Structures are given as structure tokens and as C-alpha cells.
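Because the structure is a prediction, the values reported are computed rather than measured. In what follows, every heavy atom counts, from backbone to side chain, and hydrogens, waters and symmetry copies are set aside.
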Amino acid sequence: MIAFVSGPVAALAPDSAVVEVGGIGIAVQCSPHTLSGLRMGQQTKLATSLVVREDSLTLYGFADDDERGTFELLQTASGVGPRLAQAMLATHSPDALRRAIATGDEKTLTAVPGIGKRGAQKLLLELKDRLGEPLGTSTGIGTPVSTGWRDQLHAALIGLGYATREADEAVSAVAPQAEAVAGAPQVGQLLKAALQSLNRAR
């Protein structure tokens, strides 16, 4: 198992990063929250989880061990694969998920794309004794990974190599889309929309 990767960031994309390790570029799937903390050429260390399938080996990267541990525990529930587990962590912090499970909060879980009411009820039953108690690092039920989608999106665009002016314009371009969403907007979806607006402008 690859427990972590450490080295300079060689490339960034909307849903992944490449970290150079010993002259080899390691592709790592990451959430927008993790990607927003990475910068091209700068050293990073990502906790990782290797998902093995018959036809693929996929490495998922996380900002810390808590995120990785939560990612792996979420997949012990039936019907939860790595993509859904990553979507859950892209929407909520590990502590917000622990609090939601501990308090039976369906609304927090249904805020995740791909989880409906019945799916949330099933997850509450299956994960109740697996995730553990909240550590107290988040401020409330359903606390998003980032308190400000603008800052997170802007940082992700800068990390992808765009100029500050371009990042400002892209954030403004997707603002109506973000503000039309009830609750915390999905930064991953906003990042894709922002990149499309930048491509059109070029």
C-alpha cells in the first residue's frame, strides 16, 4: 500500500494532481479542497489510499490522515465506492460527516450529489458505529469543507496556473450559478464551469 506521496507538484487538473516522486510522476485523484492547497512546483505531502480494481489502480490523495481514514471507512458501507466517498468529503469535512452520522442528520448527507433520502437513511444505519464521534474541529452540522466557495475556487484556479485577474473573472462568471444553489455550492462543479468560461475567453 502507498501510504503517502511527497514531492513537488508537477501538474494540476480539476480533479487530480501529479506529484513527482523520485523522478516519476504519480497521478493522484483529489477533491477540490485538497487541490486548492496545492501549487505548481511547490513541495507537498499527500496521504493516499490505493483503490485496486480488475482493470485499474487508482491513487486517491488527501490533505491529512483524518480525511484518508474517513474516505476508507465510508467505503465499508454497501453501495459506497471511492467516487461517492470522495464526493462526500468534497462536500463536508470529516468531522461534519461524523456529526451528521452521530445525530442522524439526513439533510447533511442528501446535500452530497448521488445520495438521496433512502440512501442517506441506509448510510446512517450502516455507519453509525464506524465513523466514531466528532472531534470538535468543525463548527456545526453540515459544515462545508470551505466556509467560502469564492476563496476555495480562486485558490484552485491560481494553483492550476491562471493569473489572478483570470481567476477573479472566472469566479465572477460562476457567481450566479453558485448563488442559485440552496446551501453550500459544490466547488468541484463550479471549478469545471469556471474552466469552461476561461477556455471560451481565450
Side-chain angles (χ1 to χ4, degrees), residues 5 7-20 25-49 58-64 67-68 70-71 74 81-94 96-97 107-115 138-139 142-202:
V5 294
V9 178
L12 287 167
D15 59 357
S16 65
V18 175
V19 179
E20 184 180 336
I26 306 293
V28 187
Q29 298 291 310
C30 303
S31 70
H33 166 61
T34 300
L35 289 170
S36 69
L38 304 181
R39 298 290 180 271
M40 286 287 292
Q42 290 189 5
Q43 290 285 326
T44 189
K45 182 177 180 181
L46 297 175
T48 57
S49 178
T58 306
L59 197 62
Y60 289 83
F62 307 93
D64 54 42
E67 279 194 357
R68 178 184 59 194
T70 304
F71 172 80
L74 289 172
R83 288 190 179 278
L84 183 55
Q86 190 178 50
M88 293 172 76
L89 285 167
T91 308
H92 302 295
S93 67
L97 288 172
K107 187 176 179 182
T108 292
L109 296 181
T110 55
V112 178
I115 298 180
S138 62
T139 56
T143 301
V145 169
S146 172
T147 54
W149 66 265
R150 289 176 182 272
D151 291 341
Q152 190 173 346
L153 179 58
H154 193 276
L157 290 166
I158 296 296
L160 288 170
Y162 288 95
T164 300
R165 178 183 60 79
E166 291 177 308
D168 289 340
E169 291 174 355
V171 170
S172 297
V174 301
Q177 176 183 334
E179 289 163 2
V181 176
Q186 301 299 312
V187 177
Q189 294 175 7
L190 294 178
L191 182 56
K192 289 179 182 178
L195 291 171
Q196 288 172 355
S197 72
L198 287 166
N199 289 335
R200 284 195 298 268
R202 286 186 169 182

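- Within the model, atoms CD of Q86 and OG1 of T91 stand 10.5 Å from one another, a figure rounded to the nearest 0.5 Å.
- Closest approach of A17 and L12 over heavy atoms only: CB-CD2, 3.8 Å.
- Applying the side-chain contact (heavy atoms from CB on, under 4.5 Å) test between M88 and each of T70, I115, T108 identifies I115 as the sole match.
- Between S31 and Y60, the closest side-chain pair of non-hydrogen atoms is not below 4.5 Å.
- The line from SG of C30 to CG of L59 is 8.5 Å long, rounded to the nearest 0.5 Å.
- To the nearest 0.5 Å, atom NZ of residue K107 and atom CG of residue L109 are 12.5 Å apart.
- Considering only heavy atoms from C-beta on, V5 stays 4.5 Å or farther from T44 through its side chain.
- A distance-only check finds a donor-acceptor pair linking the side chain of E166 to the backbone of A163 [under 3.5 Å].
- Each of V19, V28, V9 was scored for a side-chain contact (heavy atoms from CB on, under 4.5 Å) with L38, with one residue passing: V9.
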Would L97 and L89 satisfy side-chain contact (heavy atoms from CB on, under 4.5 Å), going step by step from the backbone distance to the final call?
CA-CA 8 Å; L97 288 172; L89 285 167; 4.0 Å; yes
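- Of all heavy-atom pairs between R68 and A47, the closest is NH1-CB, 4.0 Å.
- The two residues L191 and P14 have their closest heavy-atom pair at CD2-O, 3.6 Å.
- In plain terms, the two heavy atoms of P113 and L84 that are nearest each other are O-CD1, 3.8 Å.
- For P82 against F71, the heavy-atom pair with the smallest separation is O-CE1, 3.3 Å.
- Scanning both residues, P8 and Q43, for their nearest heavy atoms gives CD-NE2, 3.5 Å.
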Apply side-chain contact (heavy atoms from CB on, under 4.5 Å) to the pair E67 and T34, showing each step before the final yes or no.
CA-CA 10 Å; E67 279 194 357; T34 300; 3.6 Å; yes
